[in-house]
Amino acid sequence: MTKYNFPQILKNWNIDFKKIREDIKICGSPERAQFRTVIEDKNNNLYILEKIYNDNFERKKEIAKILDFLKNNKFSQINTYLKNIKGDFLTLIPESIPIQSSCRRAPKIKHQDEYWQLQNFIKGKELKRPEYVFDDWRGEESANFLIKLKEKSKDISFLNSKNVFSLKNYIFKIENGIKEKNPEIFLQIKEIIKYLEYSFFQIYEKLRESF
């Protein structure tokens, strides 16, 4: 399936690797990780193992600390990342990559650091799109979650307030990626992007970042 040595990687959490669960689909956006998969250990526990982008290291470390703070503050709906045997949320795994050369000598080896994180797998549910956005109960549950989140997070002292997620920038990033790699799909969503730019984004700029 991949080039990764999963038994070796999971030793950093004292977990005995059993197998990859290719039959299990991970809900949520795949863009947040360079690679991710569900793994099963020899005790039949399931985990999500993620390889993160190196340039996203600091942000991922901060997110892991925030989730841990919320869990310790009795926020039961939080699924934290697991600390490794060194007590860290992010695990460094050095990787050696052969570099092809035009000469007949043996290929050179490039050493590159990889960062991994692990959390317990929680089974998700496939949403009925777009019908789910009209479910009243989802709005109520989301509001209750946000109210509780505000209460449980008020004493976080290490949060970097400059790292505010921008939905607008995220959409532009996805748009540029589609335009570059799948131009035929971009043509199909071009009108949707135009609507977002001239309608939704005008409203979005006026929304509060917190409450």
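In this chain, numbering begins with 1 at the start of the sequence shown. These values consider heavy atoms only, across backbone and side chains, with no hydrogens, waters or symmetry-generated copies.
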Task: Cluster overlap I20 with I15, hydrophobic side-chain contacts below 4.5 Å - done: yes

Task: Between W116 and Y4, ring centroids under 6.0 Å - done: yes

Open item on the list: Please determine whether the number of non-hydrogen atoms from other residues, nucleotides or ligands lying under 6.0 Å from atom NZ of K173 exceeds 12.
Closed with: no

Task: Rounded distance [0.5 Å steps], CD in E184 versus CD1 in I178 - done: 10.5 Å

Task: E140 backbone acceptor or donor facing N144 side chain under 3.5 Å - done: yes

Open item on the list: Using every non-hydrogen atom in the two residues, find where E205 and K168 come nearest and quote the distance to one decimal.
Closed with: OE2-NZ, 2.8 Å

Open item on the list: In this structure, would I24 and I26 fall into the same cluster of hydrophobic residues linked by side-chain contacts under 4.5 Å?
Closed with: yes

Open item on the list: If the threshold is 4.0 Å, N to carboxylate O, is there a salt bridge linking R138 and E141?
Closed with: no

Open item on the list: If we ignore hydrogens and angles and just use 3.5 Å, is the side chain of N45 paired with the main-chain N or O of D41 as donor and acceptor?
Closed with: no

Task: side-chain contact (heavy atoms from CB on, under 4.5 Å) assessment of I39 paired with L46 - done: CA-CA 6 Å; I39 61 102; L46 298 177; over 6 Å; no

Task: Nearest-0.5 Å distance, CZ of residue R32 to NZ of residue K60 - done: 6.0 Å

- [ ] For residues F17 and P7, report the shortest heavy-atom separation together with the two atoms involved.
- [x] CD2-CG, 3.6 Å

Task: Euclidean distance, I93 CD1 relative to L10 CG, rounded to 0.5 Å - done: 9.0 Å

- [ ] Test V38 against L49 for side-chain contact (heavy atoms from CB on, under 4.5 Å), laying out the working first.
- [x] CA-CA 6 Å; V38 177; L49 179 66; over 6 Å; no

Open item on the list: Just so I know, are the side chains of F6 and T37 near enough to count as touching, which here means a heavy-atom distance under 4.5 Å?
Closed with: yes

Task: Side chain Q117, main chain I52, donor-acceptor under 3.5 Å - done: no

Open item on the list: Less than 6.0 angstrom separating the ring centers of F201 and Y195, yes or no?
Closed with: no

- [ ] Evaluate the side-chain contact (heavy atoms from CB on, under 4.5 Å) criterion for residues I156 and I66: first the C-alpha distance (whole Å), next the side-chain angles of each, then the deciding distance (0.1 Å), finally the verdict.
- [x] CA-CA 8 Å; I156 295 180; I66 292 170; 4.0 Å; yes

Open item on the list: Between K86 and D88, does any side-chain N to carboxylate O distance fall below 4.0 Å?
Closed with: no

Task: K152 side-chain N/O to N73 backbone N/O, donor-acceptor pair under 3.5 Å - done: yes

TODO: Compare all side-chain heavy atoms of E40 with those of N44 and state whether any distance is below 4.5 angstrom.
DONE: yes

Open item on the list: Among residues at least two apart in sequence or on other chains, which ones pass side-chain hydrogen bond (donor to acceptor under 3.5 Å, both in side chains) with N43?
Closed with: none

Open item on the list: Hydrophobic clustering (ILVMFWY, side-chain heavy atoms < 4.5 Å, transitive) - are L127 and V133 grouped together?
Closed with: yes

TODO: Would you please say whether a donor-acceptor pair under 3.5 Å links the side chains of N84 and T91?
DONE: yes

Task: Of all pairs that satisfy ring-ring contact (aromatic ring centres under 6.0 Å, His included), the ones with a partner from residues 43-75, not counting sequence neighbours - done: F57-Y115, F75-F145

Open item on the list: Run the side-chain contact (heavy atoms from CB on, under 4.5 Å) test against L187 and tell me which residues pass, sequence neighbours left out.
Closed with: none

Task: Linked, directly or transitively: I122 and I48 (ILVMFWY side chains, under 4.5 Å) - done: no

Task: Nearest-0.5 Å distance that lies between atom NZ in K74 and atom CG in N72 - done: 8.0 Å

- [ ] Of all the heavy-atom pairs spanning K83 and G87, show the shortest one and how long it is.
- [x] CD-O, 3.6 Å

Task: Check: I9 main-chain N/O paired with N12 side-chain donor or acceptor under 3.5 Å - done: yes

- [ ] First locate atom OG of S199, then atom NZ of K194, and finally report the distance between them rounded to the nearest 0.5 Å.
- [x] 13.5 Å

Open item on the list: Applying a strict under-4.5 Å side-chain criterion to I, L, V, M, F, W and Y, I'd like to know whether I189 and L196 cluster together.
Closed with: yes

- [ ] Just do the side-chain contact (heavy atoms from CB on, under 4.5 Å) check on Q34 and E114 with the steps written out, would you?
- [x] CA-CA 10 Å; Q34 190 172 351; E114 294 182 340; over 6 Å; no

- [ ] Look only at the side chain of N182 and the backbone of I185, and say whether a donor-acceptor pair between them is shorter than 3.5 Å.
- [x] no

TODO: Could you grab the distance from atom CD of Q119 to atom CD1 of I78, nearest 0.5 Å is fine?
DONE: 10.5 Å

Open item on the list: Restricting to non-hydrogen atoms, name the atom on I85 and the atom on N14 that form the minimum distance, rounded to 0.1 Å.
Closed with: CG2-ND2, 3.5 Å

Open item on the list: Less than 4.0 angstrom from a charged side-chain N to a carboxylate O is my criterion; do E62 and R59 meet it?
Closed with: yes

TODO: Could you tell me whether K148 atom NZ has more than 12 heavy atoms of other residues or ligands within 6.0 Å of it?
DONE: yes

Open item on the list: Any salt bridge linking E131 with K128? Criterion: basic side-chain nitrogen under 4.0 Å from a carboxylate oxygen.
Closed with: no

Task: Note, K19 side chain near K42 side chain (heavy atom, < 4.5 Å) - done: no

Task: Minimal non-hydrogen separation, K125 against C27, with atom names - done: N-SG, 3.9 Å

